[in-house]
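One structure below.
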There are 2 protein chains.
Amino acid sequence: MQNQPYSDTTIDELRQIYLFSSLNDQQLAQIKENMRHIQIDEGNFLFKHGEHAARFFMLKKGHIKLLRLSREGAEKVFEVVSPGETFAEAAMFMPQSSYPMTAQAISDSSILCFENQIVIDILKESWDACSQLMFQMSQRIHMWINEIDHLTLQSATYRLINYLLYQIPDNHKNVYKVKFPVPKHVIASRLSIKPETLSRILHTLNKEGFITVKGSTIRIHNVDRLRLHAVGVDVVSQ
Amino acid sequence: MQNQPYSDTTIDELRQIYLFSSLNDQQLAQIKENMRHIQIDEGNFLFKHGEHAARFFMLKKGHIKLLRLSREGAEKVFEVVSPGETFAEAAMFMPQSSYPMTAQAISDSSILCFENQIVIDILKESWDACSQLMFQMSQRIHMWINEIDHLTLQSATYRLINYLLYQIPDNHKNVYKVKFPVPKHVIASRLSIKPETLSRILHTLNKEGFITVKGSTIRIHNVDRLRLHAVGVDVVSQ
DNA sequence: TATAATCATTGATTAAAATCAACTTTCTAT
DNA sequence: ATAGAAAGTTGATTTTAATCAATGATTATA
């Protein structure tokens with residue numbers, strides 16, 4: 001992990017971060033002044049579950065997985081962070097809080113790093129930014145609720161189909177290619193299924209004519225048909 | 001569902017709600033003026049998944065379950081709300097948002113009902129209240145993350161033990177009685193296990209000498225021993 | 001380009017919990 | 001107090017996905 005000059009991140013770039021989008025130049029300049037730019041090589045950790053959470057992050061390049069380990073060492077990936085996304089910002093308002101997960105680079109990554117206290121001081125002055133953070137936190141809550149819904153009310157096959165469909169813009173109806181941004185076993189853990197099972201599900205969906213798998217690229221033959229299948233898959237499997 | 005005069009809820013009572021604890025008398029008076037008091041009989045719905053979310057709530061009396069249904073009609077209880085707790089306040093900051101779950105009374109309930117817009121206007125003026133809401137939302141996020149952890153990395157037995165231990169104050173070491181506040185099948189759904197399985201797990205824990213079950217009361221013989229068992233239960237079961 | 005290491009697939013088997021079904025207990029309302 | 005409904009328990013069986021094991025494919029690297 002090495003610090004780098006932050007000269008290559010502009011104020012305009014910061015403004016594109018949703019949480020900062022309503023801030024003025026002076027506020028953004030202050031954030032820029034206090035932010036750091038870090039590089040993390042594949043496999044290395046940005047922070048670990050339980051560590052004191054004093055900063056949050058924006059991924060510029062690479063991929064980061066947010067995970068937890070069971071006592072027996074089993075790994076559950078909660079989220080795969082892609083470039084442009086912020087993470088760990090929800091802990092900002094828990095004084096003396098600790099990160100609820102571990103963050104590990106899946107590939108060499110470039111990260112912007114913000115001090116919670118600096119941003120909190122700015123949020124105090126900006127109702128808009130404040131309500132944007134709350135909006136974002138609401139969304140997170142909804143996301144996790146959906147996740148629990150999928151884990152408890154849906155099958156592994158459904159979860160995978162859902163994941164695939166989620167990547168596709170609404171207007172696409174026919175053919176579409178989805179590419180896994182990270183190795184299949186990471187996607188599997190993200191979906192709470194074992195790699196073997198993911199492999200079998202992909203195989204079955206292929207056999208049923210829904211998809212063609214080529215490495216990490218999934219070609220969906222007919223998006224609408226898969227959407228329809230997702231609605232019925234649990235009913236059918238009874 | 002019938003409206004009632006709110007005369008029996010005082011300003012002081014409102015101040016005990018965490019989210020309102022830093023507000024001044026004038027702000028609390030305004031909230032009181034705009035709040036409503038509703039009664040909901042057992043089995044009836046307060047709101048349904050997908051409905052427009054314009055208010056949030058504080059349960060005064062009774063019990064409310066927050067649930068989702070699968071397409072096949074299977075019910076998953078996400079949360080059992082007990083008196084004194086607020087709920088659905090996280091949706092406040094999602095404009096045009098809808099409730100992510102259904103709220104149904106498990107027993108005859110008495111509920112305070114707050115208009116989102118009124119509270120938002122007050123939050124605008126109060127940084128403290130604002131940061132308290134954010135703190136609360138952070139906690140919710142952590143809670144759901146823990147929930148997913150339990151669902152994916154732990155067994156049904158572990159989830160039940162966890163639930164029991166969670167009800168017990170830290171200082172208790174030996175015997176302790178936990179009483180299920182709602183029927184066992186609701187607890188089962190809350191823990192994402194079937195009633196039959198819950199029954200079997202309780203039976204097994206009894207056979208192993210950890211607990212005695214009498215109706216909805218679980219007598220834990222030795223809290224420390226159960227805590228220790230929880231740590232090892234997954235390892236042992238391998 | 002060889003070689004190891006990681007990742008992915010496939011098959012056989014197992015395990016945890018769900019399902020189905022019957023029955024008992026408890027609660028509720030008359 | 002009693003009938004009926006709802007909730008809970010217990011047993012037999014099935015299902016989904018995990019586990020175990022072996023092999024094949026990719027990727028990285030020496």
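Because the structure is a prediction, the values reported are computed rather than measured. Chain letters run A, B, ... following the sequence lines, proteins first, then strands; residues in each count from 1.
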note = When rounded to whole Å, the CZ to P distance for the pair A:Phe180 and D:dT26 reads 16 Å
query = Quick one: B:Ile201 CD1 to C:dA15 C1', roughly how many Å, whole number?
reply = 14 Å
Every protein N/O within reach of nucleotides 7-9 of chain D N/O, cut-off under 3.5 Å:
residue	atom	partner	partner atom	Å
D:dG8	OP1	B:Lys184	N	2.8
D:dG8	OP2	B:Lys184	N	3.4
D:dG8	OP2	B:His185	N	3.0
D:dG8	OP2	B:His185	ND1	2.9
D:dT9	OP1	B:Lys184	NZ	3.2
D:dT9	OP2	B:Ser199	OG	3.2
D:dT9	O5'	B:Ser199	OG	3.1

ask   = Over how many whole Å does the gap from B:Asp108 atom CG to C:dT28 atom P extend?
value = 11 Å
request  = Please confirm whether B:Arg190 makes a cation-pi placement over B:Phe78, using NZ or CZ under 6.0 Å from the six-membered ring centre and within 45° of the ring normal.
outcome  = no
task = Please determine which of B:Lys60, B:His37, B:Lys61 meets the side chain to side chain donor-acceptor pair (under 3.5 Å) test together with B:Ser110.
result = B:His37
request  = Take atom NZ of A:Lys194 and atom C1' of C:dA15, then tell me their distance rounded to the nearest Å.
outcome  = 14 Å
task = Determine: side-chain N/O of B:Thr197 to OP1/OP2 of C:dA17, distance under 4.0 Å, yes or no.
result = no
Selection from C:dT19, D:dA17, C:dA18 that lies nearest to any side-chain heavy atom of B:Arg200 = C:dT19
ask   = Could you state the CG-C1' distance from B:Leu160 to C:dA17, rounded to the nearest angstrom?
value = 14 Å
remark   = Only residue of A:Asn44, A:Val81, A:Leu59 satisfying side chain to side chain contact (heavy atoms under 4.5 Å, CB included) with A:Ser109 is A:Leu59
key: Student check: side-chain heavy atoms of B:Tyr163 and B:Ile187 closer than 4.5 Å   = yes
key: Spacing of A:Gln154 atom CD relative to D:dA17 atom P, expressed in whole Å   = 11 Å
inquiry  = Could you tell me how far apart B:Glu72 (CD) and C:dT19 (C1') are, to the nearest whole angstrom?
reply    = 14 Å
inquiry  = Can you confirm whether or not the ring centre of A:His49 sits under 6.0 Å from the ring centre of A:Tyr99?
reply    = no
task = Give a yes/no verdict on a cation-pi contact between A:Lys184 and A:Phe180, requiring under 6.0 Å between NZ or CZ and the six-membered ring centre and an angle within 45° of the axis.
result = no
inquiry  = Whole angstroms only, please: what is the NZ-P distance between A:Lys76 and D:dA18?
reply    = 11 Å
